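Data first, discussion second: the structure below is written as structure tokens.
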Amino acid sequence: MSNNTATIKTRKNLVSTGTITMTALLAAISYVLAFLEFPVPLSPSFARMDLSDLPALIGAFAFGPVTGVMIESIKNILQLLSTSTGGIGELANFLMGASYVLTAGFIYKYKKTRKMAMWECVISGVVMGIAAAIANYFILLPLFETFMPLEQLIVSFGEFLPFIKTKLDVVLFNALPFNILKGLVIGAIAMMIYKKLTPILKGETLK
């Protein structure tokens, strides 16, 4: 009986160590991906996106939603080392990413079917869009106003979408839809690669 207990305890320690290792690795990948930005369609050059939430989503699928949020937090803490926003941009990024992976992770944890995974992509994408709208309206756009007057900021978006006339328009017709799209794209990529990565992710924890 004592040998069985010791074996179970050793196995749990291995799982814990493996999870910590993979969390750190995924956070490092997420941090690197944050530097690989690409322009947002129909947006000014300063409006850019990245796929740094992908490793956090993979982590949420493999080890649970809390791990996904931890990856997001580690990524943004690392970004603080070279921040140009005094941490405000990192806070907004964390709120958007955490809302996305937390939603996706919880759905996947309780219903691991392909059909539900597709719904997870849609639901978490919408949640991310809503979080991005809130973060942009109250955090990111006011931050940009320190570098560019609000009127000029709105005009810069209006050059691509002429019906954008107010700060709220920027959020509703730019930040919201494109972050929903970002969430859908990241979710679709995760669905394509997660099963292939599972042996690596789980293999590290079960050795």
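All of these numbers come straight from a predicted model, not from anything done at the bench.
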To the nearest 0.5 Å, how far apart are OG in S30 and CD1 in I74? 9.5 Å
CG (D50) and CD1 (I186) are apart, to the nearest 0.5 Å, by 7.5 Å
Could you see if [X] belongs to whatever hydrophobic cluster contains [Y]? Use Ile, Leu, Val, Met, Phe, Trp, Tyr and a side-chain cutoff under 4.5 Å.
X	Y	answer
I134	L102	yes
F94	I77	no
Y31	M96	no
V32	L54	no
L168	I164	yes

How far apart are the closest heavy atoms of [X] and [Y], and which atoms are they?
X	Y	result
V101	A60	O-CB, 3.8 Å
M128	S99	CA-OG, 4.2 Å
L172	P177	O-CD, 3.2 Å
G89	L140	CA-CD2, 4.2 Å
E90	G87	OE1-CA, 3.1 Å
F163	D169	O-OD2, 3.6 Å

Hey, is the main chain of [Y] close enough, under 3.5 Å, to the side chain of [X] for a donor-acceptor pair?
X	Y	result
S43	P41	yes
T23	T19	yes
T83	L80	no
Y100	G183	yes
K167	Y137	yes
N174	V170	no

E72, E120, M191 screened by side chain to side chain contact (heavy atoms under 4.5 Å, CB included) with L57, the one that passes: E120
Just wondering, are more than 12 heavy atoms of other shown residues or ligands nearer than 6.0 Å to CE in M118? no
Decide if atom OH of Y110 counts as having more than 12 heavy atoms of other residues, nucleotides or ligands within a radius under 6.0 Å. no
Kindly indicate whether the side chain of I139, heavy atoms from C-beta on, has any atom under 4.5 Å from the side chain of L95. yes
Below 4.5 Å, heavy atoms only, C-beta onward: do L51 and F38 meet side chain to side chain? yes
Take the angle between the ring planes of Y108 and Y194 and call it parallel below 30°, perpendicular above 60°, tilted in between. perpendicular
Tell me, please, which residues at least two apart from F147 pass ring-ring contact (aromatic ring centres under 6.0 Å, His included). none
Among all residues two or more places apart in sequence or in another chain, which pass the side chain to side chain contact (heavy atoms under 4.5 Å, CB included) test with L181? F178, V185
Applying salt bridge (charged side-chain N to carboxylate O under 4.0 Å, His left out), name anything that partners E37, two or more places apart in sequence or on another chain. R48
May I have the step-by-step check of side-chain contact (heavy atoms from CB on, under 4.5 Å) for V122 and L184, ending in yes or no? CA-CA 6 Å; V122 175; L184 292 174; 4.3 Å; yes
Should L91 and T85 be marked as a side-chain contact (heavy atoms from CB on, under 4.5 Å) after you check the CA-CA gap, both sets of side-chain angles, and the distance that decides it? CA-CA 10 Å; L91 173 61; T85 67; over 6 Å; no
